[in-house]
Structure formats: C-alpha cells, structure tokens
Protein chains: 2
Amino acid sequence: MTTIAIDAMGGDNAPTEIIKGAVDSLQVADSKIILVGKEDIITKELSAYNTKGSVEVVNATEIISTEEAALAIKQKKDSSLVVGLNLLKEGRADSFISAGSTGAFLVGATLKIKRLPGIDRPALGTLLPGAKGFTLMLDSGANVDCKPEYLLQFAVLGSVYMEHVQGIKKPAIGLLNVGTEKDKGNVLTKGAYDLLAASSLNFKGNIEAGDIAKGTVDVAVCDGFAGNVLLKTAEGYSKFIFGTVKKELMATPIRKIGALLSRGAFENIKKSLDHSEVGGAPFLGLESLVIKVHGSSKAKDIVGAVKQSHKFTQNNMIDKLKEGLQGGV
Amino acid sequence: MTTIAIDAMGGDNAPTEIIKGAVDSLQVADSKIILVGKEDIITKELSAYNTKGSVEVVNATEIISTEEAALAIKQKKDSSLVVGLNLLKEGRADSFISAGSTGAFLVGATLKIKRLPGIDRPALGTLLPGAKGFTLMLDSGANVDCKPEYLLQFAVLGSVYMEHVQGIKKPAIGLLNVGTEKDKGNVLTKGAYDLLAASSLNFKGNIEAGDIAKGTVDVAVCDGFAGNVLLKTAEGYSKFIFGTVKKELMATPIRKIGALLSRGAFENIKKSLDHSEVGGAPFLGLESLVIKVHGSSKAKDIVGAVKQSHKFTQNNMIDKLKEGLQGGV
C-alpha cells in the first residue's frame, strides 16, 4: 500500500473537486490518502462520502492561492502546501499532489525534499498530446537558465519515467532545438547534444518544436524557458483555435445544426486531448515524488494523479531513477 | 516607383507560383519587378502572361533548395538567392523577396547587406495571428544566442515597423517571458527588462507565450531560440488540431453532413488565419529590406510580400528605422 498526500486547498476548484477526486481515487488505487488543509472544512466535505476511515486529514491553517508567488512558501509555514511537503520529508507519505501555485510548489519541493544523487536541478515534466500519443517534455519551467549537463540529467529522468510509469520500452529521446541538423542550436543545445550522443540513452538527435504535436519522440528535453514557451504556446493556440471554431459554428442557425450533427467529432477530440489520464506534471529528480496538477483541476485530474503516484511508488521508481542516474550520466 | 527583386527559384512551388504572384502583384503595387533565376525557364513561364515589359529577368544559373543549409550561400555564388541579394547591394533593387532556404537566406542577407547603425544583429520578424489581430514577434530564429541589448534593438525595429508598415500608433511592446511579474525570467530577460523599461518605447512589461494568441501586445521580443520554439509550436499544434478535426468530421456520414452545413465556419477561420495578407517575414536591421516568405508560398503570398515591400520603401522605412535607433536605443 502506498500513501499519497494531497493538498486539499490548492487550485481553482479546491477544496470540493480535490476532495471528490481523492475519494474517487480510492476505487482505482490501493492507496492511503492524506488530505492536507483546513481540518473543519475537509471533514465537512468528507461527511458527504462514505470513506470508512480510509482518508486521513492533516490540519494546515493557511492557504497559498494559485496566484501567489514562490515567496509565499516562506511566509506561510502552516499552509497546506508546506505541511504536505513536510509529510514527505518525515516519511509519512510516499508522494504529494498539489494544484496550487506553481512557483510556490517548485520552490517548496526544492527546499524541503533532497535531490537524488547525480541531479543538479530537478525538472518539471509535462505530458503533451500529439498525433502518436503523449510526449514527456522536461523541463517545463522550473529551471530557466540551464547547463548542458542538466539537460542530460533531464533525459535520464524522462527516460526512466516513460519506461516504468508510462510503459514505453527504450523511450526515444529528442533534444528540442531550432533545426534537426546536428550542428544547429545555441550554446546550450550544442553542448547538450554531445553529452546526449555519448550517453547510453536512445537519443534520436535534435527535434523542432513542431515535432511535439507530431509525436516524433517519447521524451523531449529543453531548458525551462523554452519548455515554458512551448507549453504556453500550445495551450494558448489550442484555446484560441477551439474558441474561434465555437464562435464561428454558433454564428448562423444552419451552422448550429451542422455543429449539432457533428457533435461526436468534437467530443472525441476533447477526449483525445484530455490531460486527466496522464495524471499531472511530475517534478522529477527529488527523493520523493511530487506532482503538480493544473490550477483548474477537477476530480478526475486528481484521480489521474493518484493513479500515477501509486504506480510510481509501487514500481520503486526512486530506486530505478537512482540506477538510471548512476548508469546513464 | 519602387523596385522589388524576387527569387523566382526558391520555395516548394517555384517557379510557377512565384512568377504568377509577381505578375499578379503588378495589379496592386506600383512597382518594378525583377525576377531572379534561370532565364530560359522564367521567360517561358512569363510568356503565358501579358506583362508588357514591366517585369525584368536577371539570370542566375544555380538554385539553393528549401532544404539546403546556410553553407549553400558560399558554394553557389550564381544562385538566384545570391544574385538577388547582389541586386540590393548594388542599389539595383529596393527590396528582395525569397521563399528559399531560411538558413541560406539569413546568412546571405547578413553577409551581403550592411547593418543599420546601432544594430548588432538583425532580427527575423513573424506576424502571428491571434484574437486581436497580428503580433509581430522578433526574433523568430536568426539569433539563437542573444544579449539584453539585442532585445532592445529588436523592440525598436518592431515598434517602427508596426507603426509605419502596419499602421499601429505607439505599438505596445511585450518581453516574452515565463511569467508576467517584473522579476521573472532568465539572465537574458531580466537584463532586457531593465533596458526596455528605461527606453522611450511603449513597453508593457513581460508577457507569457499564451499572450501571443490572445493578442495582448503588438510587438513581442525574444531571443531567436525561444521565438523559433513559439513559432514552430503554434504551427505544429494548429496543424495537429485542424487535422484531427478534419479526420473526426469525416469519420461518419452524419458528421459529414454536419461538416457540410457548417462549412462556412471553417472557411472564415481559414481566412482569419491566412498569412498571405501580412506579406511574409521581414528581416529587419539591414540597410535594405529582405523578406522571407514561407517555403510553401503560393502566388497570393508573393503578392502580399510585394505589397509590404512597396509600402516599406514608399514610407522611407530605412530612414525611419535609423531615426528610431538613434532616439530609442
């Protein structure tokens, strides 16, 4: 049995959707759940479900909102985020899930949890949808200034993760660059290319940003600045395009009928782009698993993150990551 | 009257679509057109039109293909790209348009054409569609390693361009970053923020990559690595989404009928995302205008680029850019 702590107060839909997700996840993963946050609120929400004592509540009196910056972690020592991370540090939980402020989450996890041996900087991984399934991109924004050796470390973390959590054998690794030729890129990627090419990873060379939507590789490594730009561009243009499609389809009665008839198409697309199954963004390179789920997460996203956490712990991923870092770097 | 040289041999649809576009543009811009490339082929293609001697042909025996790398510029001295750039250098043309290899184009223009005073590195500008019209993003890929002062120079170039070619008064400038707060970013953007804030530009602070699709600013500045990632991600995900929509709409007979009824919606979207009106990507910071149009350009894209070139020269943009660089930097 694994123990998963969940920040009940973080995210736009906290605490209701977070707690619902925690309760729902009891059906799918053989885990003990600890909900962290204002005890009276959580207990009241929980009373709507029949959880038979399988959910523990740990009190935390403060809340760090989704909009608050990294500094909040130092100011709010009794926040659900800090208290939850302390559960990991004290060995009372195997993993921790939060939908709260990304900045505070990254700084908090880095301060509270030890790095794995061989890791200079932990990296935030994001699973991005594409034509051939999901690509794990890391770093998605934790480290805006990187050195070539960090990118090699990200590649090892990503490779082990995709192999043992997502079940992809010998994951294909790509280096995010401005062209596919070997000599392309900036100082960082040129340095990283040589390190990756010399490693025992299944390195496929440089990829362009357009390759993510094509699904050319299983793991894409980049610095956190480029990763953040890629992630936010993909989100921004997807939203813009679907928004424009919706507006145009509602513009005339005939088009509305057309949209009604082809409704199934849009439902399928929504399903194929749904992130909830992938279970949030793992922050990899630390001695415990911490997972950042989107600020707008609903119950099903929490369930996805619990599933992923459970699999991570059950598969002894921390040991596997340590092995990978010894062999691969 | 302005004189515009066009690379007749560059791009996936050369020479037919390029030459058609050159001829079509005679109707919309009071320009003299010089087509550069294999004289026999161009003359044969031109014989299908009644151009009454308003198109000049300059012979160039070699072709640099869209896939060829930057090095080709040194190996093929009689290519349409090199010969066209020489026309600019010799003052025989005011501007030059090519749909050929981006790498060769950027290197060639930088080698052949002098930089404007105050410019360390010229920048490739791309007009990206969004909810409130187009945002000029520069640099889109010419300079993968940048210093803060380059980003300030890009901002000046972009501001003058958007004001005088696209007609936007006091264009709003944004610095592409990983968050909107003042203290966000990497070493480069932190340095650039201070320079931009101290300038006389209409600087709106940091923007995130998602702001491009929202159209928050008129000009977005960034290093060419981040710019290339943004551009290729936007292209990649747009293609992926529209491809998925099409596939899903064609999957059942009922959906096909729905798609037929709502056809107008998709035609409008296609029109609103159409790049041809914006006229290609200007490579700014040189003493002449060079415009890179997409490798897949059709006749209408060439017409757009000719219009833009004509306006640029008619408005004495080189003088205006010089003034901006003296005042703004």
Side-chain angles (χ1 to χ4, degrees), chain A residues 69 103 129-131 141 144-145 176-179 181 184-189 208-214 222-226 228-245 248-249 251-252 254-266 268-269 272-273, chain B residues 69 103 129-131 141 144-145 176-179 181 184-189 208-214 222-226 228-245 248-249 251-252 254-266 268-269 272-273:
Chain A
V144 291
D145 290 298
L176 182 67
N177 212 326
V178 296
E181 302 88 344
K184 282 271 175 170
N186 56 13
V187 172
L188 173 67
T189 56
E208 295 190 29
D211 284 309
I212 303 287
K214 285 184 199 155
C222 56
D223 69 82
F225 193 96
N228 182 276
V229 166
L230 197 157
L231 180 62
K232 298 278 174 69
T233 304
E235 284 180 354
Y237 270 97
S238 302
K239 215 169 173 176
F240 170 56
I241 292 171
F242 285 119
T244 309
V245 168
E248 285 289 342
L249 286 176
T252 74
I254 294 287
R255 287 187 200 167
K256 275 185 195 169
I257 297 168
L260 199 67
L261 292 174
S262 50
R263 192 177 43 182
F266 295 100
N268 279 1
I269 293 164
S272 76
L273 295 177
Chain B
V144 290
D145 290 298
L176 182 67
N177 213 325
V178 296
E181 303 89 342
K184 282 270 174 171
N186 55 15
V187 173
L188 173 67
T189 56
E208 294 190 29
D211 284 308
I212 302 287
K214 286 184 198 154
C222 56
D223 69 80
F225 194 95
N228 182 277
V229 167
L230 198 157
L231 179 63
K232 298 278 174 69
T233 304
E235 285 180 354
Y237 271 97
S238 303
K239 216 170 172 174
F240 170 55
I241 292 171
F242 285 119
T244 309
V245 168
E248 284 289 342
L249 286 176
T252 73
I254 293 286
R255 289 188 199 165
K256 274 186 194 169
I257 296 167
L260 199 68
L261 291 174
S262 50
R263 192 176 43 180
F266 295 100
N268 280 1
I269 294 164
S272 76
L273 296 177

(request) Please determine, among B/Val229, B/Leu176, B/Asp211, the option with the most heavy-atom pairs under 4.5 Å with chain A. (result) B/Val229
(request) Please look at B/Ile241 and chain A and tell me whether the side chain, the backbone, both or neither of the residue comes under 4.5 angstrom of a heavy atom of that chain. (result) side chain
(request) Side chain from CB out, backbone as N, CA, C, O: work out which of these in B/Ala251 comes under 4.5 Å of a heavy atom of chain A, or both, or neither. (result) neither
(request) Look at A/Gly141, A/Gly210, A/Gly224 and state which one has the largest set of heavy-atom pairs under 4.5 Å with chain B. (result) A/Gly210
(request) Quick one: closest heavy-atom pair of A/Asn177 and B/Asn228, and the distance? (result) O-OD1, 4.2 Å
(message) For A/Gly258 versus B/Leu261, what's the shortest heavy-atom pair and its separation?
(response) CA-CB, 3.7 Å
(request) Give, as side chain, backbone, both or neither, the part of B/Leu231 having an atom under 4.5 angstrom from any heavy atom of chain A. (result) neither
(message) Which heavy atom of A/Ala209 sits nearest to which heavy atom of B/Thr233, and what is that distance?
(response) CB-OG1, 3.3 Å
(message) So which residue, B/Gly103, B/Gly130, B/Gly179, ends up with the most heavy-atom pairs under 4.5 Å with chain A?
(response) B/Gly130
(message) Does any backbone or side-chain atom of B/Thr252 lie under 4.5 Å from a heavy atom of chain A? Answer side chain, backbone, both or neither.
(response) neither
(request) Compare every heavy atom of A/Ala265 with every heavy atom of B/Arg255, then report the nearest pair and how far apart it is. (result) NE-N, 3.4 Å
(request) For each of A/Val245, A/Asp223, A/Ile257, tally heavy-atom pairs with chain B at distances under 4.5 Å, and name the one with the top tally. (result) A/Val245
(message) Would the distance check show the side chain of B/Asp145 and the main-chain N or O of A/Val187 forming a donor-acceptor pair, the cut-off being under 3.5 Å?
(response) yes
(message) Return the CD1 to OG1 distance between B/Ile269 and A/Thr244, rounded to the nearest 0.5 Å.
(response) 6.0 Å
(request) Find the distance between CD (A/Glu248) and OG (B/Ser262) and round it off to the nearest 0.5 Å. (result) 10.5 Å
(message) More than 12 heavy atoms of other residues, nucleotides or ligands under 6.0 Å from CG of A/Leu260: yes or no?
(response) yes
(request) Measure the CG-CZ distance between A/Leu188 and B/Phe225 for me, rounded to the nearest 0.5 Å. (result) 7.0 Å
(request) Specify the closest pair of heavy atoms between A/Gly185 and B/Val144, including all atoms of both residues, with the distance to one decimal. (result) O-CG2, 3.3 Å
(request) Provide the closest heavy-atom pair for B/Val178 versus A/Lys232 in the form atom of the first, atom of the second, distance. (result) O-NZ, 4.0 Å
(request) Mind ranking B/Glu208, B/Glu235, B/Lys184 by heavy-atom pairs under 4.5 Å with chain A and telling me who comes out on top? (result) B/Glu208
(message) Is B/Phe240 close to chain A through its backbone or its side chain, or both, or neither, when contacts mean heavy atoms under 4.5 Å?
(response) side chain
